[in-house]
K.L.:
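Structure incoming, see below.
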Amino acid sequence: MGIKIYNSFSRQKEEFTPLERGRVKMYVCGITAYDRCHIGHARSAVVFDAVVRHLKHRGYHVYFIRNFTDIDDKIINRAKKEGIDTVTLATREIANFYEDMDALGVLRADVEPKATEHIPAIIALIETLIAKGNAYEADGDVYFSVRSFPSYGALSRRNLDEMRAGARVRPGEKKRDPLDFALWKASKPGEPAWESPWGPGRPGWHIECSAMSMKYLGPTLDIHGGGLDLIFPHHENERAQSEAATGKTFVRYWMHNGFVTIKGDKMSKSLGNFITIQEILEEHPPEVLRLFLLSKHYRSPLDYSPEALKETTAALDRCYNALNEAVHLSARTVKKHRPLSPELQEAVKTLKDLPEKFDQAMDDDFNTAQALGHIFDAVRALNRLNQQASKRPSALLSRPMEEGCKALINTAKVLGILQEEPGEYLRRRNLQILDAAGLKEEDILKEIERRNQARMKKDWEAADRIRANLLEKGIRLKDSPEGTTWSASI
RNA sequence: GGCGGCGUAGCCAAGUGGCUAAGGCGACGGUCUGCAAAACCGUUAUUCCCCGGUUCGAAUCCGGGCGCCGCCUCCA
């Protein structure tokens with residue numbers, strides 16, 4: 001069985017077959033560079049990153065484009081407010097975007113085009129649309145004529161007549177039909193402008209994506225992705241422009257990710273209820289955010305709360321603890337060759353079966369939630385081996401443990417988690433929490449030393465008091481034959 | 001008003017006609033431990049918002065309610 005993708009256009013899961021065998025042409029709408037990215041942007045980026053990773057893992061050569069909108073009204077307004085020019089603003093926010101995305105481990109796209117660097121291609125596309133009678137010029141603006149494209153509304157399931165009933169031409173607009181949208185906007189004095197056959201102006205929002213995607217991928221893309229809120233008007237308009245210009249199918253599989261909500265409401269700039277990626281990463285390892293974003297199916301809404309992130313942290317810690325234990329235990333030299341019990345053989349099998357089960361889940365419309373279920377099953381299996389290795393060591397355990405770790409890490413790579421060295425991850429995470437709580441490691445180590453001296457004297461009361469005091473600060477102690485270790489929890 | 005989505009355990013969340021309704025967090029009991037922690041084992045939904053219907057069989061399909069959310073203006 002191959003990969004199935006839910007196509008927003010048909011509203012069905014479809015068998016995925018790219019236009020060219022083994023090659024996937026993919027385009028995802030990137031950000032408008034005017035402000036820091038919030039978790040909603042992170043979701044879109046991480047979800048499609050997982051899609052790209054899985055397609056590659058399944059052997060496809062993926063040619064992936066993700067654009068930057070670096071000129072539009074929001075950028076102009078924000079730049080004006082800050083007293084800087086639009087180029088400075090967009091450049092700064094693109095740098096911020098990379099800072100966030102690199103931290104999250106989101107792979108770079110093959111091409112990351114900017115609208116302002118593709119003005120000639122945009123102008124050429126608009127000229128084609130005018131020549132074909134799908135667009136018209138009015139006083140330096142150019143509009144796309146919605147009624148010239150019969151299947152307008154097909155993607156977002158909108159009825160033109162019903163929409164027309166509520167629509168109005170706003171003062172200052174020179175549209176023939178209220179639903180027509182701008183391909184080119186004449187610039188007002190002082191605004192950034194490019195020369196065009198219709199006078200100085202700038203591209204409309206939607207046309208850039210059509211021009212850039214077709215420039216790099218040709219008239220027909222396999223996959224076009226973006227947030228659910230882009231279906232209308234952005235993707236509807238992209239589709240109309242592109243297909244009107246080429247007469248060919250623009251996109252074969254439309255994919256849209258659901259929103260991040262907060263207390264049930266959509267997280268958005270306009271509502272002001274957003275949390276930036278930067279804010280999250282100050283307090284959490286990047287993989288925690290990734291795991292959180294992939295813990296629910298990509299098309300469903302995902303509700304953010306600090307508690308939810310805390311749960312995710314606990315879950316990821318569990319994985320890293322298992323790996324860390326396994327790494328240490330499997331490195332020990334053991335002479336005894338105890339045979340593995342049926343239960344342990346079952347655990348070995350669970351680890352062995354992980355890659356296949358994981359891939360099956362991912363093949364089914366990138367069901368990351370189900371795929372994670374298999375990861376956690378494998379983690380439990382690994383812990384079983386760990387437990388045996390620590391209590392009743394056997395030389396026969398080392399290999400299954402090493403291979404189990406490898407399977408787990410390789411499999412999780414598609415989701416971009418479990419990619420850090422386990423010991424390092426745990427140590428860094430603990431120190432991050434410690435730092436946030438204003439504590440110092442050396443103080444904790446001193447307390448541990450003091451407690452161990454009490455323990456040597458079997459003064460359990462004193463020892464337990466020290467441990468309880470630390471626990472109040474979120475520091476948990478763990479005694480083992482190798483000594484006492486600490487971990488911090490939020 | 002038009003279009004669309006969702007409602008599964010204390011919380012989060014897979015599953016969309018037929019094996020024991022995945023998994024995570026939490027809680028409780030057990031093993032281990034000086035006691036803990038971590039880990040493992042077990043318990044935590046005889047039932048999937050409610051009411052009808054189709055079917056040999058429904059959480060899953062259909063009809064009707066109730067509740068929540070989104071898009072229809074910029075938004076990932």
Side-chain angles (χ1 to χ4, degrees), chain A residues 8 11 13 28-32 34-35 37-48 72-74 77 153 156-159 161-163 165-167 170 205 225-234 236 256-261 264-271 274 291-292 295-297 299-303 305 307-308 310-319 321-322 324-325 343 347 357 361 364 367-388 390-391 455 458-461 463-464 467-468 471 476-480 484-487:
Chain A
S8 305
R11 309 214 171 195
K13 272 188 206 172
V28 171
C29 288
I31 56 155
T32 297
Y34 79 107
D35 202 355
C37 291
H38 59 64
I39 317 177
H41 300 103
R43 184 178 196 194
S44 185
V46 167
V47 158
F48 287 109
D72 95 321
D73 290 349
K74 284 202 296 286
N77 292 337
S156 57
R157 305 277 163 118
R158 257 152 243 266
N159 179 299
D161 297 323
E162 281 167 3
M163 287 170 68
R170 272 178 289 184
W205 175 35
L228 202 56
D229 45 4
L230 295 184
I231 289 187
F232 189 87
H234 188 54
E236 190 71 68
H256 294 96
N257 65 277
F259 300 126
V260 174
T261 58
D265 295 325
K266 180 185 170 185
M267 181 179 289
S268 72
K269 291 279 164 72
S270 38
L271 286 174
F274 60 90
L291 178 57
F292 172 67
S295 63
K296 203 172 168 183
H297 186 90
R299 281 187 276 117
S300 307
L302 173 67
D303 202 56
S305 70
E307 294 72 31
K310 197 173 158 182
E311 284 177 16
T312 306
T313 305
L316 188 62
D317 281 0
R318 181 179 154 75
C319 299
N321 273 321
N324 195 40
E325 289 271 296
E343 287 77 20
K357 288 195 165 166
D364 185 9
N367 194 335
T368 54
Q370 193 173 64
L372 280 167
H374 296 310
I375 296 262
F376 285 110
D377 283 340
V379 167
R380 180 185 293 111
L382 184 62
N383 271 328
R384 280 199 197 188
L385 301 185
N386 288 344
Q387 188 164 58
Q388 183 75 7
S390 107
K391 285 186 180 163
R455 288 174 72 216
K458 298 206 189 282
D459 184 356
W460 306 126
E461 209 177 302
D464 291 354
R467 185 172 61 194
L471 189 60
R476 215 176 279 273
L477 297 188
K478 182 183 169 188
D479 300 321
S480 79
T484 303
T485 54
W486 63 273
S487 66

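In what follows, every chain begins at residue 1, and chains take the letters A, B, ... in the order their sequences are listed.
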K.L.:
Under 4.0 Å between any heavy atoms, over every strand shown, what does N383(A) touch: base, sugar-phosphate, or nothing? Just pick one.
P.N.:
sugar-phosphate

K.L.:
Which is true for L477(A) with a 4.0 Å heavy-atom rule: it touches a base, it touches only sugar-phosphate, or it touches nothing?
P.N.:
base

K.L.:
Side chain of D265(A): nearest nucleotide among C69(B), C35(B), A38(B)?
P.N.:
C69(B)

K.L.:
Within a strict 4.5 Å, meaning less than it, do heavy atoms of the R476(A) and L471(A) side chains meet?
P.N.:
yes

K.L.:
Please work out if A315(A) contacts a base, only the sugar-phosphate, or nothing of the nucleic acid, heavy-atom cut-off 4.0 Å.
P.N.:
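The residue A315(A) makes sugar-phosphate contact but no base contact.
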
K.L.:
Over how many whole Å does the gap from R157(A) atom CZ to G2(B) atom P extend?
P.N.:
18 Å

K.L.:
Atom CG of L302(A) to atom C1' of C69(B): distance rounded to whole Å?
P.N.:
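Distance check: L302(A) CG to C69(B) C1' gives 14 Å.
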
K.L.:
Which part of the nucleic acid, if any, lies within reach of F48(A) when heavy atoms closer than 4.0 Å are counted: base, sugar-phosphate only, or nothing?
P.N.:
nothing

K.L.:
If the cut-off is 4.0 Å, is R380(A) near the phosphate of A39(B), judged by side-chain N/O to OP1 or OP2?
P.N.:
no

K.L.:
Do we count W460(A) as stacking onto G34(B) if the rule is ring centres under 5.5 Å and planes under 30°?
P.N.:
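Yes; centroid distance and tilt both under limits.
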
K.L.:
Just verifying a value: how many Å separate R380(A) CZ and I375(A) CD1, rounded to the nearest 0.5 Å?
P.N.:
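Those atoms lie 13.5 Å apart.
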
K.L.:
Tell me if the side-chain of N367(A) makes a donor-acceptor pair with the base of G15(B), cut-off 3.5 Å, by modelled atom types.
P.N.:
no

K.L.:
Examine the base of A39(B) for any acceptor or donor lying under 3.5 Å from a partner atom in the side chain of Q387(A), and report the outcome as yes or no.
P.N.:
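Yes.
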
K.L.:
Can you name the closest pair of heavy atoms from H38(A) and S268(A) and give their distance?
P.N.:
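Nearest heavy atoms, H38(A) then S268(A): NE2-CA, 4.4 Å.
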
K.L.:
Mark yes or no for whether T312(A), through its side chain, and A308(A), through its backbone, hold a donor-acceptor pair below 3.5 Å.
P.N.:
yes

K.L.:
Can you tell me if R455(A) touches the phosphate of C35(B), counting only side-chain N or O atoms and a distance under 4.0 Å to OP1 or OP2?
P.N.:
no

K.L.:
Is any side-chain nitrogen or oxygen of R467(A) closer than 4.0 Å to OP1 or OP2 of U33(B)?
P.N.:
no

K.L.:
With a non-hydrogen cut-off below 4.0 angstrom, is G225(A) in contact with a base, only sugar-phosphate, or nothing?
P.N.:
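Result for G225(A) = nothing.
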
K.L.:
Please report, rounded to the nearest Å, how far the C1' atom of C72(B) is from the NZ atom of K266(A).
P.N.:
12 Å

K.L.:
Does a distance-only test, which skips hydrogens and angles, find a donor-acceptor pair under 3.5 Å between the side chain of D479(A) and the base of C35(B)?
P.N.:
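Answer is yes: a donor-acceptor pair is held.
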
K.L.:
Just the rounded figure in Å: distance from P of A22(B) to NE2 of H297(A).
P.N.:
20 Å

K.L.:
Nearest of G34(B), A76(B), A38(B) to any side-chain atom of D464(A)?
P.N.:
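Of the candidates, G34(B) comes closest.
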
K.L.:
Given G2(B), is OP1 or OP2 found less than 4.0 Å from the side-chain N or O atoms of N159(A)?
P.N.:
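Looking at the OP1 and OP2 atoms of G2(B), neither is under 4.0 Å from any side-chain N or O of N159(A).
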
K.L.:
Mark yes or no for whether D479(A), through its side chain, and T484(A), through its backbone, hold a donor-acceptor pair below 3.5 Å.
P.N.:
no

K.L.:
Report the distance from atom NZ of K391(A) to atom P of A38(B), rounded to the nearest whole Å.
P.N.:
14 Å

K.L.:
Quick check: on RNA chain B, is the nucleotide nearest K74(A) upstream (toward 5') of the one nearest D377(A), or the reverse? Name the residue that is more 5'.
P.N.:
D377(A)

K.L.:
Taking any heavy-atom pair under 4.0 Å as a contact, classify G40(A): base, sugar-phosphate, or nothing.
P.N.:
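G40(A): base contact, heavy atoms under 4.0 Å.
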
K.L.:
Can you work out whether Y34(A) or R299(A) has the more 5'-proximal nearest nucleotide on RNA chain B?
P.N.:
R299(A)

K.L.:
Would you kindly give the CG-to-P distance between D317(A) and A37(B), to the nearest whole Å?
P.N.:
17 Å

K.L.:
Which part of the nucleic acid, if any, lies within reach of H38(A) when heavy atoms closer than 4.0 Å are counted: base, sugar-phosphate only, or nothing?
P.N.:
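The residue H38(A) makes base contact.
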
K.L.:
Kindly say if R158(A) contacts the phosphate of G4(B), meaning a side-chain N or O under 4.0 Å from OP1 or OP2.
P.N.:
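It does not, given that no N or O in the side chain of R158(A) lies less than 4.0 Å from OP1 or OP2 of G4(B).
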
K.L.:
S44(A) side chain: which of A14(B), A76(B), C40(B) is closest?
P.N.:
A76(B)

K.L.:
So what does V47(A) hit on the nucleic acid, given a heavy-atom distance under 4.0 Å: a base, only sugar-phosphate, or nothing?
P.N.:
nothing

K.L.:
Look at the side chain of P233(A) and decide which nucleotide, out of C40(B), A14(B), C74(B), has an atom nearest to it.
P.N.:
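For P233(A), the side-chain atoms sit closest to C74(B).
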
K.L.:
Between the side chains of D364(A) and K13(A), is the shortest nitrogen-to-carboxylate-oxygen separation below 4.0 Å, so that they form an ion pair?
P.N.:
yes

K.L.:
Rounded to the nearest angstrom, tell me the gap between atom CG in N257(A) and atom P in C69(B).
P.N.:
21 Å

K.L.:
Can you tell me the distance, in whole Å, between the CG atom of D161(A) and the C1' atom of C3(B)?
P.N.:
15 Å

K.L.:
Is there a side-chain contact between D229(A) and K266(A), using heavy atoms and a 4.5 Å cut-off?
P.N.:
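A side-chain contact exists here, since the closest heavy-atom pair is under 4.5 Å.
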
